[in-house]
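Take a look at the structure set out below.
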Amino acid sequence: MRFLLDPQQRAFADSLDAMLTAADTPSVVRDWSRGDHGAGRALWSRIAKVGVFALAVPEAYEGMGPRPVELAVGFVELGRHAVPGPLVETVAAAALLAGLADPLPAGRLLPSLASGEASATLALDGAYALDGDAATIRLALAADGLRLAPGHGPVRASLDPARRLTPLAPGGELLSTAPPVARALVWARLATAAQALGVGLALLDRTVAYVRQRTQFGVPVGSFQAVKHRLADAKIALEFARPLLFGAALTMAPADVAAAKVTACEAAYATARTALQLHGAIGYTAEYDLSLWLAKARALRTAWGTPAECRAEVLSGGVRRR
């Protein structure tokens, strides 16, 4: 089955790509990693103006959604350019708030998420929250339900320096005693899968360009058959993940989304390993821009569900359908 984007979806992806290319995202990522959020917040506002976050927010709360296919299109481009910040967490928070039985918290918080005036992070069961120091809305799933955390603890190191982890302060306003966690998890996994696919595509493009200009024995490295085979394997894995991603966005079935998540993240991780090998020693240096995508591919692989957890969801979904 082939999933082709319509002209509007392609134009949306192209406009995001052009905007993010002009934004010099590697410098934004490095500032964010140091705790300097100025450039990242400015970029966040521009992303919100083209409607990315509004796609996860229902129209009743000043959004344009829910539109998971278009959201996946947007997140592929965000991953392609390694945009920092609690992107997936904002989507998960929007899905969680929109599904609450009481509409008051959603009416209070969702419009600002759709417009980009606010960003959100979400911590499940006492886990660390991503970018709790930068997010303006901090949601914590506690034993008694969903709470609006009053603050955050110290920043902790992460596999990806741009993914700054923080514990959330206990207590805060109780928003719901029965939040729809499963719904939020599906949206988070879809956005993570799309982001990972974009990361993998960027790594592949950068590696292809590199092996074309790097020479050995007087010829480009990219002319060697072994190099071509590694790149072809990466390309096939990423192209196989693409229809799974958009197919899952159409159904939003938990098993379909889990399959897309594990496939896209594994493809991105395999592409990262290929990129590192073919770049050689320079690929190991943090100063080289490739490292920004390498670190993200590794971190996204286990974010919002490890490969084993996602595969278990796929298997359990298949059993239920039979």
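No hydrogens, no waters, no symmetry mates; every other heavy atom, side chains included, goes into these values.
Within the 3.5 Å criterion, the main-chain N or O of Gly74 finds no donor-acceptor partner in the side chain of Glu77. Within the 3.5 Å criterion, the main-chain N or O of Ser33 finds no donor-acceptor partner in the side chain of Arg163. In this structure a side-chain-to-backbone donor-acceptor pair under 3.5 Å is missing from Thr263 to Ala260. Counting only distance, with no hydrogens or angles, the side chain of Arg214 and the backbone of Leu278 share a donor-acceptor pair below 3.5 Å. In terms of modelled atom types and a separation under 3.5 Å, the side chain of Lys261 and the main chain of Asp256 share no donor-acceptor contact. Between the side chain of Ser45 and the backbone N or O of Arg41 there is at least one donor-acceptor pair closer than 3.5 Å. With hydrogens and angles ignored, the 3.5 Å screen pairs no side-chain donor or acceptor of Arg138 with any backbone N or O of Ala149. In this structure, the side chain of Asp131 does not engage the main chain of Ala134 through any donor-acceptor pair within 3.5 Å. With hydrogens and angles disregarded, no donor-acceptor distance shorter than 3.5 Å links the side chain of Ser158 to the backbone of Pro161. Side-chain atoms of Arg147 come within 3.5 Å of backbone N or O of Gly172 as a donor-acceptor pair.
Ring planes of Tyr210 and His279: parallel class, angle under 30° (limits at 30 and 60°).
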TODO: Show the numbers, then the answer: is there a side-chain contact (heavy atoms from CB on, under 4.5 Å) between Val221 and Thr215?
DONE: CA-CA 5 Å; Val221 172; Thr215 60; 6.0 Å; no

- [ ] Please step through side-chain contact (heavy atoms from CB on, under 4.5 Å) for the pair Thr285 and Ser291, ending with a clear verdict.
- [x] CA-CA 7 Å; Thr285 61; Ser291 66; over 6 Å; no

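Closest heavy-atom contact between Leu130 and Thr121: O-OG1, 2.6 Å. Residues Gly283 and Leu290 share a closest heavy-atom pair of CA-CD2, 4.2 Å. Closest heavy-atom contact between Trp32 and Arg164: O-CD, 3.2 Å. Listed here is the closest heavy atom pair of Leu165 and Ala157: CD1-O, 4.2 Å. The shortest heavy-atom contact between Ala268 and Ala196 is CB-O, 3.3 Å. Shortest non-hydrogen contact noted between Ala259 and Leu244 is O-CD1, 4.3 Å.
Judged purely by distance below 3.5 Å, without hydrogens or angles, the side chains of Glu89 and Trp304 pair a donor atom with an acceptor atom. Looking at Thr166 and Asp133, their side chains never bring a donor and an acceptor atom within 3.5 Å of each other. Side-chain contact of Asp17 with His81: a donor-acceptor pair under 3.5 Å is present, judged by distance alone.
In this structure, Leu87 is a member of the same hydrophobic cluster as Met64, with clusters built from ILVMFWY side-chain heavy atoms closer than 4.5 Å. The same ILVMFWY cluster, assembled from side-chain heavy atoms under 4.5 Å apart, contains both Leu97 and Val181. A continuous path of ILVMFWY side-chain contacts below 4.5 Å connects Leu292 to Leu203, so both sit in one hydrophobic cluster. Both Val73 and Leu245 are assigned to one and the same hydrophobic cluster, defined by single-linkage of ILVMFWY side chains at heavy-atom distances under 4.5 Å. Put simply, Leu159 and Val29 are part of two different groups of oily side chains (I, L, V, M, F, W, Y) that touch within less than 4.5 Å, one to the next.
Put simply, the side chain of Asp233 does not reach to within 4.5 Å of the side chain of Thr274, judged on heavy atoms.
Surrounding OH of Tyr288 are more than 12 heavy atoms belonging to other residues, nucleotides or ligands, all under 6.0 Å away. Within 6.0 Å of the CZ atom in Arg206, the count of heavy atoms belonging to other residues, nucleotides or ligands exceeds 12. Annotation: Gln8, atom CD; neighbour count of heavy atoms from other residues, nucleotides and ligands within 6.0 Å does not exceed 12.
The existence of a salt bridge linking Glu173 and Arg108 is confirmed by a sub-4.0 Å separation between a basic side-chain nitrogen and an acidic carboxylate oxygen. A salt bridge is defined here as a Lys NZ or Arg NE, NH1 or NH2 lying under 4.0 Å from an Asp or Glu carboxylate O, and Arg311 with Glu266 meets this definition. The residues Arg30 and Asp289 are annotated as salt-bridged, a charged nitrogen and a carboxylate oxygen being separated by less than 4.0 angstrom.
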